[in-house]
Amino acid sequence: MTMQTQALRRTGVEAGSRRALLIGGGLLLALAAPFLLYPVFLMKVLCFALFACAFNLLIGFAGLLSFGHAAFFGGAAYVTAHVVKEWGWAPEFGLLAATVVAAGLGLVFGLIAIRRQGIYFAMITLALSQMVFFLALQLPFTHGEDGIQGVPRGTLFGLFDLGQPLTMYYTVLAIFVAGFALIWRTVHSPFGQVLKAIRENEPRAVSLGYRTDRYKLVAFVLSASLAGLAGGTKALVFQLASLTDVTWQMSGEVVLMTLLGGMGTLFGPVVGAGLVVTLESYLASTSLPVPVVIGCIFVVCVLVFRRGIVGELLARLPGKGNR
């Protein structure tokens with residue numbers, strides 16, 4: 001074994017150790033967080049972190065910019081709120097219904113938009129998302145501008161009372177960890193490697209025999225499903241589904257979270273979501289204009305951290321990669 005091979009192996013082991021320490025430390029911090037901070041705030045961060053991670057799977061690893069992810073996030077929130085409140089479904093079935101509906105929407109959106117690239121793809125997703133917004137405004141079961149209020153959290157699996165803040169928090173944490181683990185596994189699978197190849201050079205991937213449209217469609221549906229799971233979870237946390245969740249501004253907000261944290265990194269969207277939600281919560285109690293302040297911070301981050309916060313940090317570490 002050459003010295004170069006030994007050095008590469010040692011670097012890989014060190015990088016793996018850092019990842020294990022980072023994940024372990026993050027989990028311990030997440031478990032202790034509700035005893036230090038307001039649980040509802042933490043649950044909001046986790047919901048948007050999962051939403052941003054789902055969006056990042058599409059733009060960061062497949063190179064597809066969608067301006068319509070609010071349709072999956074908000075549409076799933078309406079589905080969960082309706083079936084839980086009006087039909088009396090258990091929360092786990094409400095979340096399952098939300099995920100399935102979001103996957104169906106993602107399939108429809110993907111079949112229409114996937115044949116286009118670049119700005120045309122983005123504009124098609126935006127137009128389709130606006131159609132979902134119009135339906136949410138007009139359909140009777142959504143209650144228009146009032147939204148669906150007073151959604152009961154219920155009892156998870158007939159055992160865990162989600163009305164208790166700590167129980168609800170750890171349920172949201174488990175959902176986030178499961179969704180993040182699925183994204184991690186997808187990115188590090190052969191499927192994920194093909195997505196990266198498509199992102200870097202789609203014509204070359206086609207020349208190698210890959211049917212790129214199919215890979216992009218699967219990535220789009222998976223991203224939409226996880227975004228829907230995040231939206232359904234948020235509806236249970238706040239016991240509300242409203243038009244705010246399905247507006248084009250929500251699609252823009254998840255883009256902002258992903259770019260701030262670091263597009264194409266696994267932990268970047270989590271950091272970006274935490275930063276944006278924290279700023280919105282803190283600035284809401286002040287007289288400062290929230291969009292202006294967040295916009296200024298975004299401009300500074302783009303100028304100083306061109307790869308995003310996590311992206312810049314990883315670029316300065318040995319053994320760098322998607323973490």
Side-chain angles (χ1 to χ4, degrees), residues 11-31 33 42 45-66 69 72-73 172-200 215-216 218-230 233 253-278 301-302 305-323:
T11 301
V13 171
E14 292 174 355
S17 299
R18 283 197 300 268
R19 283 197 296 268
L21 287 173
L22 181 62
I23 294 172
L27 284 176
L28 288 175
L29 182 61
L31 291 172
L42 294 172
V45 171
L46 289 173
C47 290
F48 278 102
L50 180 57
F51 184 26
C53 287
F55 176 77
N56 183 55
L57 177 64
L58 192 65
I59 186 175
F61 297 99
L64 298 174
L65 173 59
S66 168
H69 260 51
F72 315 128
F73 184 77
V172 175
L173 178 61
I175 291 171
F176 169 76
V177 170
F180 186 84
L182 177 59
I183 293 172
W184 182 293
R185 184 68 189 91
T186 300
V187 168
H188 290 91
S189 68
F191 174 79
Q193 299 306 311
V194 175
L195 287 182
K196 294 175 188 177
I198 294 172
R199 177 194 64 190
E200 297 299 328
Y215 282 91
K216 290 191 291 185
V218 172
F220 197 99
V221 172
L222 180 58
S223 177
S225 302
L226 292 171
L229 178 61
T233 304
E253 191 165 320
V254 75
V255 175
L256 174 64
M257 292 174 181
T258 304
L259 294 180
L260 279 178
M263 184 179 68
T265 65
L266 286 170
F267 291 105
V270 180
V271 173
L275 178 61
V276 171
V277 172
T278 300
C301 286
V302 168
F305 305 104
R306 300 196 65 179
R307 300 182 183 90
I309 297 173
V310 174
E312 287 292 337
L313 292 175
L314 293 180
R316 287 166 170 75
L317 292 175
K320 62 186 177 180
N322 291 320
R323 297 178 176 86

Run the side-chain donor-acceptor check on residues 266-274: report pairs under 3.5 Å with partners two or more places apart or on a different chain.
none

**Complete:** Of all heavy-atom pairs linking A54 and A227, the shortest is CB-N, 3.7 Å
**Message:** I want to check something: taking the side chain as every heavy atom from C-beta on, are L46 and L50 in contact at a cut-off of under 4.5 Å?
**Reply:** no
**Spacing of L57 atom CG and L64 atom CG [to the nearest 0.5 Å]** = 10.0 Å
**side chain to side chain contact (heavy atoms under 4.5 Å, CB included) partners for L275, two or more places apart** = L260, L279, I309
**Asked** For the residue pair C47 and V172, what are the closest heavy atoms and their distance?
**Response** SG-CG1, 4.2 Å
**Asked** Quick one: does L173's side chain get under 4.5 Å of L31's, heavy atoms only?
**Response** yes
**Prompt:** In chain order, what residues pass the side chain to side chain contact (heavy atoms under 4.5 Å, CB included) check against S225, with sequence neighbours excluded?
**Reply:** T99, A103, V221
**Request:** Calculate, to the nearest 0.5 Å, the distance between atoms CZ and OG1 belonging to F191 and T186 respectively.
**Result:** 7.0 Å
**Asked** V187 and Q193: which non-hydrogen atoms are nearest, and at how many Å?
**Response** O-NE2, 3.4 Å
**Item:** Parallel, tilted or perpendicular: rings of H69 and F55 (30°, 60°)
**Value:** perpendicular
**Item:** Nearest atoms (heavy-atom pairs only) where T258 meets A52
**Value:** OG1-O, 3.7 Å
**Message:** Which heavy atom of R307 sits nearest to which heavy atom of E312, and what is that distance?
**Reply:** N-OE2, 3.2 Å
**Prompt:** Roughly how far apart are I59 CD1 and R199 CZ, rounded to 0.5 Å?
**Reply:** 11.0 Å
**Item:** Side chains of N56 and F61 in contact at under 4.5 Å (non-hydrogen atoms)
**Value:** yes
**Request:** Using side chain to side chain contact (heavy atoms under 4.5 Å, CB included) as the criterion, list what pairs up with L259, not counting sequence neighbours.
**Result:** V255, M263, F298
**Contacts of type ring pair (Phe, Tyr, Trp, His ring centres under 6.0 Å), residue F51, not counting sequence neighbours** = F73
**Message:** For a 4.5 angstrom cut-off between non-hydrogen side-chain atoms, does F220 reach F72?
**Reply:** yes
**Prompt:** Residues in side chain to side chain contact (heavy atoms under 4.5 Å, CB included) with V277, at least two apart?
**Reply:** F41, K44, V45, F48, M257, S281
